[in-house]
Amino acid sequence: MTFRSLEAQDEKYKDPKSSYFNLPALDVSIAFPQATPASIFPPCTSDYYQLDDLLTPEERAIRMKVRECMEKEIAPIMTKYWEKAEFPFHVIPKLGALGIAGGTIKGYGCPGISVTASALTMAELSRVDASCCTFVLVHSSLAMLTIALGGSETQKQKYLPSLAQLKTVSCWGLTEPDYGSDASSLKTTATKVAGGWILEGQKRWIGNSTFADLLVIFARNTTTNQINAFLVKKDAPGLQVTKIENKIGLRIVQNGDILLKQVFVPDEDKLDGINSFQDTNKVLAISRIMVAWMPIGISMGVYDIVIGT
């Protein structure tokens, strides 16, 4: 049996179509006027989980500041960028102005807010757009936290202030093509050489990686066989990052494949406080608290959408 190519099969359907065949879709206000566009995010209609009485005035203020920003700046554009699977870079300064990056980290220009306040920011971000929350969470609760917990005083002073203002963006490279939930078995290697380290390997599904200024990369020390962490600058020789296409979820998040081919990292950019996967788990233990508040925020948004429309 002979199978015709897809192109040949398509030729069959190239007969002239109607005059309106390629017209753009109707605007939703015309096609479905009773619908409420996602760009008009309904106001909060409930205390949801009866948290108000448990919060401090500072925590309430942070929550409202984030909520107002998300409703005003993100809701009107999120559908457009979701459809294109692109990131709205122009909102980064607005998110930076919220003063939430760095969460519970104290000093170095970081907010040093309570765990509760940091969790609330994740919920409020996710209430409007989970992709936006993922961007902040990766940058703040993974990359920045790793530097805060495992970096030297010099490294913290050098990197954290700019990251806290979102003047620079970071990502967190742990997951590999063969190792996701079993990340402790990662294959990327770090080999000691004069003045630094050579990184060799691959990472996958790394959020923010395509445009990150600073990449936190985990690799196995070939001498100790333990997992260490390194700070890799964008455009480092041997570093390549490409976007993962055709995602069906969190489409605004720019997940990438990272290739490390003989990437040199100077000694000054090795995080000496990360000496095993146990140290990495300290970061994960804290960040997972923040991740847990994402579905809470999403459910808050669903509730408001349903009640508000």
Side-chain angles (χ1 to χ4, degrees), residues 62 65-66 69 73-74 87-115 117-122 124-125 131-174 203 206-218 228-236 239 241 252-256 258 263 265-266 268-274 279-280 282-291:
I62 292 172
K65 181 170 63 173
V66 175
C69 176
E73 304 292 346
I74 304 301
F87 189 87
F89 294 103
H90 67 280
V91 305
I92 292 180
K94 297 172 183 178
L95 295 173
L98 291 175
I100 58 174
T104 60
I105 301 171
K106 298 184 184 299
Y108 314 102
C110 297
I113 57 180
S114 68
V115 173
S118 189
L120 286 170
T121 64
M122 296 300 122
E124 290 297 334
L125 292 168
S131 289
C132 187
C133 180
T134 302
F135 161 73
V136 174
L137 192 149
V138 168
H139 172 82
S140 178
S141 297
L142 288 173
M144 289 184 68
L145 188 59
T146 301
I147 297 172
L149 294 179
S152 66
E153 186 64 25
T154 299
Q155 290 168 330
K156 287 185 275 191
Q157 291 179 358
K158 180 179 180 180
Y159 294 111
L160 289 178
S162 178
L163 293 170
Q165 298 177 58
L166 278 173
K167 290 182 177 179
T168 51
V169 173
S170 56
C171 71
W172 202 73
L174 177 66
K203 302 293 179 180
I206 309 304
N208 305 351
S209 58
T210 61
F211 59 92
D213 301 289
L214 188 67
L215 298 83
V216 178
I217 299 294
F218 292 85
N228 296 158
F230 302 84
L231 302 176
V232 179
K233 313 288 179 48
K234 69 177 182 181
D235 293 325
L239 172 68
V241 186
I252 295 175
V253 179
Q254 304 298 290
N255 293 91
I258 299 176
V263 175
V265 178
E268 65 189 42
D269 285 333
K270 177 180 180 290
L271 297 176
D272 286 335
I274 306 296
D279 294 324
T280 308
K282 294 175 184 176
V283 178
L284 290 169
I286 297 173
S287 66
R288 282 167 179 158
I289 296 173
M290 302 303 137
V291 172

Straight-line distance of [X] [atom1] to [Y] [atom2], nearest 0.5 Å:
{"X": "Asp279", "Y": "Asn228", "atom1": "CG", "atom2": "CG", "result": "9.0 Å"}
{"X": "Leu125", "Y": "Leu95", "atom1": "CG", "atom2": "CG", "result": "7.0 Å"}
{"X": "Phe87", "Y": "Gln254", "atom1": "CZ", "atom2": "CD", "result": "8.0 Å"}
{"X": "Leu215", "Y": "Ile206", "atom1": "CG", "atom2": "CD1", "result": "9.0 Å"}
{"X": "Leu120", "Y": "Ser114", "atom1": "CG", "atom2": "OG", "result": "7.5 Å"}

Heavy-atom donor-acceptor pair, [X] side chain to [Y] backbone, under 3.5 Å:
{"X": "Glu124", "Y": "Met122", "answer": "no"}
{"X": "Ser162", "Y": "Tyr159", "answer": "no"}
{"X": "Gln155", "Y": "Glu268", "answer": "yes"}
{"X": "Lys282", "Y": "Ile274", "answer": "no"}

- Message: Is there a side-chain contact between Thr168 and Leu214 in this structure, where contact means two heavy atoms from C-beta onward sitting under 4.5 Å apart?
- Response: no
Please tabulate, one pair per line, all N/O donor-acceptor pairs under 3.5 Å involving side-chain atoms of residues 134-148, not counting sequence neighbours.
unit_1, atom_1, unit_2, atom_2, d
Thr134, OG1, Ala130, O, 2.9
His139, ND1, Ser170, N, 3.1
His139, ND1, Ser170, OG, 3.0
His139, NE2, Leu163, O, 2.8
Ser140, OG, Gly102, N, 2.7
Thr146, OG1, Leu142, O, 2.6
Thr146, OG1, Trp172, NE1, 2.7

Shortest non-hydrogen contact between [X] and [Y], atoms and distance:
{"X": "Gly151", "Y": "Leu271", "value": "CA-CD2, 3.7 Å"}
{"X": "Val232", "Y": "Val265", "value": "CG2-CG2, 3.9 Å"}
{"X": "Thr104", "Y": "Ser118", "value": "CG2-CB, 4.2 Å"}
{"X": "Pro111", "Y": "Ala101", "value": "CD-O, 3.0 Å"}
{"X": "Gly207", "Y": "Asn255", "value": "N-ND2, 3.7 Å"}
{"X": "Lys203", "Y": "Ile217", "value": "CE-CG2, 4.1 Å"}

- Item | N-O pairing of Lys233 and Asp269 below 4.0 Å | yes
- Message: Under 4.0 Å between a side-chain nitrogen and a carboxylate oxygen: does that hold for Asp272 and Lys270?
- Response: yes
- Item | Residues that Lys65 engages under salt bridge (charged side-chain N to carboxylate O under 4.0 Å, His left out), provided they are two or more places apart | none
- By salt bridge (charged side-chain N to carboxylate O under 4.0 Å, His left out), which residues pair with Lys94, not counting sequence neighbours? Glu73
- Task: Walk me through it: do Leu231 and Val216 pass the test side chain to side chain contact (heavy atoms under 4.5 Å, CB included)?
- Result: CA-CA 5 Å; Leu231 302 176; Val216 178; 3.8 Å; yes
- Decide side chain to side chain contact (heavy atoms under 4.5 Å, CB included) for Cys171 and Val241; before the verdict, give the C-alpha distance in whole Å, the side-chain angles of both, and the deciding distance to 0.1 Å. CA-CA 12 Å; Cys171 71; Val241 186; over 6 Å; no
- Is there a side chain to side chain contact (heavy atoms under 4.5 Å, CB included) between Thr121 and Ile62 once you walk through the steps? CA-CA 7 Å; Thr121 64; Ile62 292 172; 3.6 Å; yes
